[in-house]
Participant: 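Here you go, one structure.
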Number of protein chains: 2
Amino acid sequence: MGELSIPIGKLARSVGCKVQTIRYYEQIGLLPPPIRTAGAQRRYGEGDQQKLSFIRHARELGFPLPAVRELLALSDEADSDCAKADGIARRQLEAVNRRIAMLSSLRSELERMLRHRHGHRIRECRVIATLADHALCSQDHHAELAES
Amino acid sequence: MGELSIPIGKLARSVGCKVQTIRYYEQIGLLPPPIRTAGAQRRYGEGDQQKLSFIRHARELGFPLPAVRELLALSDEADSDCAKADGIARRQLEAVNRRIAMLSSLRSELERMLRHRHGHRIRECRVIATLADHALCSQDHHAELAES
DNA sequence: CCTAAAACCTATAGTGACTGGAGCTTCAAG
DNA sequence: CTTGAAGCTCCAGTCACTATAGGTTTTAGG
C-alpha cells in the first residue's frame with residue numbers, strides 16, 4: 001500500500017510548505033536525512049510525511065522549534081525513558097492549556113463583537129482588553145508595576 | 001489614579017518583553033510613538049501598556065504580525081467602518097477556532113499518555129499522529145498526494 | 001548642587017526560522 | 001534520446017526580534 005518514496009516537491013505540497021523548508025529541517029536535524037536516488041535526490045516515506053506534518057502544525061500553533069523537538073522526542077523516548085517522556089508531556093500539557101485558555105477568551109470576544117454588531121454599531125471593542133489580560137498567562141510579570 | 005507615564009524599561013518588565021522589542025514595534029508602526037521627556041526619553045501611559053500586552057499575547061499564540069495588526073485595527077475601526085471590522089472579526093474567529101481544535105486534540109493525546117503511563121510503559125505514542133492529522137487545518141492540501 | 005550608577009538614546013550587527021535566486025544536474029514522459 | 005520540470009548546492013535576503021557599542025539623561029545619595 002503506502003510505502004511511497006515520494007520526491008521532496010510532492011512531500012512539500014502534501015503538507016503545504018516550501019521545498020526549502022524541508023531541506024532546512026533536515027539541515028538542523030529536525031528531520032532525519034532521507035534515502036537518496038542514484039542521482040542524489042531525496043525520496044521520502046510515510047513516516048517522514050507524518051513527522052513533517054506534525055512539525056508544520058505545531059509551528060503554526062506557535063510552538064518554538066525547541067518545543068517541537070521535545071514533542072517529537074516524546075515518541076522516541078516513550079518506550080525507553082518513561083520518566084523523561086512523562087515530564088515533557090506534563091510540561092507541554094500545561095503550555096497547551098494556557099494557549100487554549102487565551103484563545104478561548106479571544107474567541108468569546110470576537111463572537112460577542114459579531115453578535116452585537118447586528119444592532120447597528122459597536123460601541124466599544126474589547127478585543128484588546130481581553131487578550132491584554134495577564135490573568136491567564138504563564139510569566140510572573142504580574143504586579144511588576146507596583147513598587148516605586 | 002493610573003495615568004502613569006512610565007519609562008520604557010518599566011513597561012517592558014510589566015509585559016515581560018525586551019526594551020528593544022518595544023522600540024522595534026514603534027519603528028514598524030505597531031505602537032504609536034509615545035510622548036518624550038525634555039531629554040528625549042520615551043514615557044508611556046495606560047493605553048500603551050494594554051496594547052503592548054495584547055500584542056505580546058497574540059504573538060505568543062502564534063499570530064503573525066499582520067494578523068496582530070488586523071486585530072488591533074478592530075478596535076480603531078469598530079465604530080467607523082463596521083463592515084470591515086465585521087469581516088476581520090469573522091476571519092480571525094475562524095483562525096482561532098482552528099487553533100483551539102488542534103490544541104484540544106494535542107491536549108487529549110498528552111493527557112492520554114500521562115494516564116496510561118501509570119501501567120508501566122507507554123506502548124505507542126500517538127502525539128505526532130494526532131497533530132499530523134490534516135482534518136482540522138485550513139489549507140487545501142488534502143489529497144494532494146492522490147494523482148500520479 | 002553635584003556626582004555616579006542605572007536606565008535611556010541611536011545605530012548597527014547578529015540570530016532563528018525560514019524564503020528566494022543563481023547556476024547546474026537528474027528524472028521521466030513522450 | 002531528448003527536453004522540460006523538478007531536483008541539487010550554495011548563498012543572499014526577510015521577518016521578528018535580540019545584542020552590542022558608544023554616548024546622554026535621570027535620579028538617588030552625599
Side-chain angles (χ1 to χ4, degrees), chain A residues 4-31 33-45 48 51-72 139 141 144-145 147-148, chain B residues 4-31 33-45 48 51-72 139 141 144-145 147-148:
Chain A
L4 317 318
S5 189
I6 52 172
I8 198 166
K10 209 151 235 203
L11 178 62
R13 253 171 290 131
S14 86
V15 303
C17 80
K18 301 285 164 72
V19 164
Q20 304 100 288
T21 307
I22 300 174
R23 291 201 276 251
Y24 171 72
Y25 287 156
E26 180 185 336
Q27 200 192 306
I28 63 168
L30 206 63
L31 282 177
I35 51 164
R36 301 268 189 146
T37 64
Q41 297 198 357
R42 294 167 178 83
R43 288 300 119 100
Y44 295 92
D48 300 310
K51 212 163 186 170
L52 178 58
S53 181
F54 171 82
I55 296 170
R56 290 312 307 159
H57 283 145
R59 294 287 302 127
E60 275 162 35
L61 291 170
F63 289 95
L65 281 191
V68 176
R69 235 181 255 275
E70 261 204 352
L71 286 164
L72 282 176
Q139 277 82 353
H141 51 263
E144 283 274 9
L145 223 71
E147 85 289 2
S148 183
Chain B
L4 315 319
S5 191
I6 53 172
I8 198 167
K10 210 153 235 208
L11 178 61
R13 252 170 290 130
S14 86
V15 303
C17 78
K18 300 284 163 72
V19 164
Q20 303 101 283
T21 306
I22 300 173
R23 290 201 276 249
Y24 172 71
Y25 287 156
E26 179 185 338
Q27 201 192 307
I28 62 168
L30 207 61
L31 282 176
I35 51 164
R36 302 268 191 148
T37 64
Q41 297 198 357
R42 294 166 179 84
R43 289 298 118 103
Y44 294 92
D48 300 311
K51 213 163 185 169
L52 179 57
S53 181
F54 172 82
I55 297 169
R56 291 311 305 160
H57 284 145
R59 294 287 302 128
E60 277 162 34
L61 291 171
F63 288 96
L65 280 189
V68 176
R69 233 181 257 274
E70 264 205 349
L71 285 163
L72 282 175
Q139 277 82 355
H141 51 265
E144 282 275 8
L145 223 72
E147 83 292 356
S148 182

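Below, chain A is the first sequence line, B the second, and so on; all start at residue 1.
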Participant: Round to the nearest Å and state the distance from Arg13(B) atom CZ to dC8(C) atom C1'.
Facilitator: 12 Å
Participant: Within less than 4.0 Å of OP1 or OP2 of dC17(D), is there a side-chain N or O belonging to Lys18(B)?
Facilitator: no
Participant: If I compare all heavy atoms of Gly29(B) with all of Arg69(B), which pair ends up nearest, and what's the gap?
Facilitator: O-NH1, 3.7 Å
Participant: From CD of Glu60(A) over to C1' of dA17(C), roughly how many Å is that when rounded to an integer?
Facilitator: 14 Å
Participant: Would you indicate which nucleotide in dA28(C), dA16(D), dC18(C) comes nearest to any side-chain atom of Arg43(A)?
Facilitator: dA28(C)
Participant: Which heavy-atom pair separates Leu72(B) from Leu30(B) by the least distance, and what is that distance?
Facilitator: CD1-O, 4.0 Å
Participant: Base, sugar-phosphate, or nothing: which does Ile28(B) touch, judged by heavy atoms less than 4.0 Å apart?
Facilitator: nothing
Participant: Given side chains that start at C-beta, do those of Ser53(A) and His57(A) come closer than 4.5 Å, heavy atoms only?
Facilitator: yes
Participant: Does Ala38(B) or Leu65(B) map to a spot on DNA chain D nearer the 5' end, using the closest nucleotide for each?
Facilitator: Leu65(B)
Participant: Out of dC8(D), dC8(C), dC18(C), which nucleotide sits closest to the side chain of Val19(B)?
Facilitator: dC8(C)
Participant: Just to confirm, is there a sub-4.0 Å distance from OP1 or OP2 of dA17(C) to any side-chain nitrogen or oxygen of Tyr25(A)?
Facilitator: no
Participant: If you compare every side-chain N and O of Arg36(A) against the phosphate oxygens of dT26(C) (OP1, OP2), does one of them come in below 4.0 Å?
Facilitator: no
Participant: How close or far is atom C1' of dA13(C) from atom CD of Gln27(B), stated in whole angstroms?
Facilitator: 13 Å
Participant: Can you tell me how far P of dT12(C) sits from OH of Tyr24(B), to the nearest Å?
Facilitator: 17 Å
Participant: Between atom CZ in Arg59(B) and atom C1' in dA17(C), what is the gap in whole Å?
Facilitator: 12 Å
Participant: If the cut-off is 4.0 Å, is Arg56(B) near the phosphate of dC17(D), judged by side-chain N/O to OP1 or OP2?
Facilitator: yes
Participant: Starting at atom CD1 of Ile8(B), determine the distance to atom P of dA6(C), rounded to an integer number of angstrom.
Facilitator: 20 Å
Participant: It should be established whether Arg42(A) places a side-chain nitrogen or oxygen under 4.0 Å from OP1 or OP2 of nucleotide dT9(D).
Facilitator: yes
Participant: Where each residue is assigned the nucleotide of DNA chain C containing its nearest heavy atom, which of Arg23(B) and Thr37(A) is assigned the position nearer the 5′ end?
Facilitator: Arg23(B)
Participant: With sugar-phosphate meaning primed atoms plus P, OP1 and OP2, does Pro7(A) contact a base, only sugar-phosphate, or nothing at under 4.0 Å between heavy atoms?
Facilitator: sugar-phosphate
Participant: State which residue, out of Pro7(A), Pro34(A), Pro33(A), fulfils the side-chain contact (heavy atoms from CB on, under 4.5 Å) condition with Arg42(A).
Facilitator: Pro34(A)
Participant: What's the NZ-P distance between Lys10(B) and dA7(C), to the nearest Å?
Facilitator: 10 Å
Participant: Quickly work out the Leu11(A) CG to dG7(D) P distance and round it to whole Å.
Facilitator: 10 Å
Participant: For the side chain of Gln41(B) and the base of dA7(C), is some donor closer than 3.5 Å to an acceptor across the two?
Facilitator: no
Participant: Of all the heavy-atom pairs spanning Asp48(A) and Gly45(A), show the shortest one and how long it is.
Facilitator: OD2-N, 3.0 Å
